[in-house]
There are 2 protein chains.
Amino acid sequence: MAAGSVSFRHFILGLLKQQPMSGYDIKRLLKGLGWLVDGPSFGNIYSTLHALLKDDLVTVKVIPNQNKPPRKVYSITEAGRQELHEWVNQPVTNNLSLKAFVMRLILAGSFSQARLVAHLQQRCEQVTAHHVALKQTVEALDEGADLQRLALDHALALATAELAWLDSTLKRLSRQPLG
Amino acid sequence: MAAGSVSFRHFILGLLKQQPMSGYDIKRLLKGLGWLVDGPSFGNIYSTLHALLKDDLVTVKVIPNQNKPPRKVYSITEAGRQELHEWVNQPVTNNLSLKAFVMRLILAGSFSQARLVAHLQQRCEQVTAHHVALKQTVEALDEGADLQRLALDHALALATAELAWLDSTLKRLSRQPLG
DNA sequence: GGGTTCATGTAATGGGTTACATGATTCC
DNA sequence: GGAATCATGTAACCCATTACATGAACCC
């Protein structure tokens with residue numbers, strides 16, 4: 001319920017906004033694309049779908065399937081669309097999680113170029129802040145804390161790389177928006 | 001219980017191996033260092049500590065504190081040391097999670113240089129595999145899936161940066177081991 | 001005959017968060 | 001006088017994973 005929290009609830013709702021799908025379709029889609037590192041499990045997908053249905057954010061259409069279990073294709077409802085819209089417009093809470101970022105990236109991008117850019121900029125701010133904090137921590141570290149330094153160094157390298165990516169991506173998007 | 005799963009249970013045990021601490025100390029330590037992005041909550045720390053105590057992996061010493069609530073300082077037991085040792089020596093399951101990696105990094109490093117290097121090499125293999133998978137996915141992507149491409153691109157940038165870091169770090173460690 | 005894919009679901013469990021509750025001390 | 005820090009803990013809840021269960025079709 002927390003503002004900006006990302007659950008698969010919203011993510012799945014976002015996928016259904018783009019096109020009606022069955023639970024199996026969703027699983028396949030997420031499995032096929034390796035970006036989220038690990039897609040949600042079946043259990044999670046199906047129960048999320050049931051929950052969405054209970055809240056009238058989606059509807060089902062059972063489609064009989066030649067000699068196979070019937071497919072249950074879920075579509076987003078008007079209420080679902082609205083909920084999603086509201087959710088995508090509220091700012092993310094201070095959450096650096098990659099998973100959350102990527103999920104929101106997909107969702108925000110499916111709304112409008114402006115939302116996409118706003119989301120990337122927000123990420124930029126957060127990662128910058130994180131980067132600064134890491135640097136300060138490194139400097140405050142006492143001698144001999146080599147492991148901590150190693151871990152911090154790792155985090156710094158990643159943050160730096162991400163900032164570079166965000167920067168170049170934002171520039172590219174301002175030159176040529178996504179189709 | 002899964003081999004290689006990282007829970008705070010083991011992480012906390014690892015911290016206690018380095019020095020006895022209270023729950024509050026642990027919280028402060030994790031809060032002070034921003035590396036793990038988000039430290040565990042109080043609830044989690046205290047209940048983990050209780051669980052460790054129940055399993056005889058740690059002991060407590062209650063230290064009365066001038067006009068303050070007494071501090072409960074936990075120390076690792078021999079059984080705890082052994083459990084930790086076994087755990088740190090089993091290979092990580094295919095888990096790309098940064099959090100898991102960093103936690104294990106700290107733990108492995110506190111054992112020996114060899115363990116540390118092994119852990120970094122393992123990470124290297126996993127990230128490489130991930131990188132390859134991402135590239136293949138990008139190539140298999142059909143036209144117009146711009147958002148997916150964006151997300152994949154982001155993931156690729158991070159993976160590339162991490163590999164570079166791992167590579168240079170491994171080289172550096174082989175030249176000059178940690179003190 | 002045996003594995004893989006399609007397709008759905010349930011139940012148990014785990015791991016963690018948030019919010020709540022308490023209470024003295026120190027700093028502004 | 002009021003906030004922050006020190007210091008502990010409990011209980012409710014949420015999200016997600018694992019393992020289990022079912023069953024037919026298709027390919028080797």
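Residue numbering restarts at 1 for every chain, and letters A, B, ... go by the order of the sequence lines.
Ion pairing between a basic and an acidic side chain is recognised when a charged N comes within 4.0 Å of a carboxylate O; B:Asp153 and B:Arg149 show no such pairing. Note on B:Asp55 versus B:Arg9: salt bridge recorded, some NZ/NE/NH1/NH2 to OD/OE distance being below 4.0 Å.
Hydrophobic clustering (side-chain heavy atoms under 4.5 Å, transitive across Ile, Leu, Val, Met, Phe, Trp, Tyr) keeps B:Ile76 apart from B:Tyr24.
A straight line from NE2 of B:His10 to C1' of C:dG16 spans 16 Å, rounded to a whole angstrom. Put simply, CG on B:Asp25 is 16 Å from P on D:dT5, counting in whole angstrom units. B:Ile26 has its CD1 atom 12 Å from the P atom of D:dG9, to the nearest Å. To the nearest angstrom, C1' of D:dG23 lies 17 Å from CZ of A:Arg71. Remark: C1' of C:dA7 and CE of A:Met21 are 16 Å apart, rounded to the nearest angstrom. In this structure, A:Leu29 places its CG atom 14 Å from P of C:dC6, rounding to the nearest Å. Note: NZ (B:Lys72) to C1' (D:dC6) measures 15 Å, nearest angstrom. Atom CZ of B:Arg9 is separated from atom P of C:dG16 by 11 Å (rounded to the nearest Å).
Residues from residues 45-63 of chain A lying near DNA chain C, meaning a heavy-atom separation below 4.0 Å, are A:Tyr46, A:His50 in numerical order.
In this structure, A:Arg104 is positioned above the aromatic face of A:Trp87, its NZ or CZ under 6.0 Å from the six-membered ring centre and within 45° of the axis.
B:Ser22 and B:Asp25 share a donor-acceptor pair across their side chains, judged by distance under 3.5 Å alone. A donor atom on one side chain and an acceptor atom on the other are not found under 3.5 Å apart for B:His131 and B:Glu162.
Nearest nucleotide to the side chain of A:Phe8, out of C:dG23, D:dA16, C:dT8: D:dA16. Of the listed nucleotides (D:dT17, D:dT5, D:dG9), D:dT17 has the atom at the smallest distance from the side chain of A:Pro40. Set against C:dC6, C:dG23, C:dG9, the side chain of A:Tyr74 has C:dG9 as its closest nucleotide.
Taken to the nearest 0.5 Å, the OG atom of B:Ser47 stands 12.5 Å off from the CG atom of B:Leu53.
B:Lys72 has its side chain within reach of B:Tyr74: a pair of non-hydrogen atoms, C-beta onward, lies under 4.5 Å apart. Taking 4.5 Å as the limit, some side-chain heavy atom of A:Ser110 sits within range of a side-chain heavy atom of A:Lys17.
When the side-chain nitrogen and oxygen atoms of B:Arg28 are compared with OP1 and OP2 of D:dT5, none of them lie within a distance under 4.0 Å. At C:dT8, none of the side-chain N or O atoms of A:Lys27 fall inside 4.0 Å of OP1 or OP2 (strictly under the cut-off).
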Got a list of protein N/O to nucleotides 18-20 of chain D N/O distances below 3.5 Å?
none

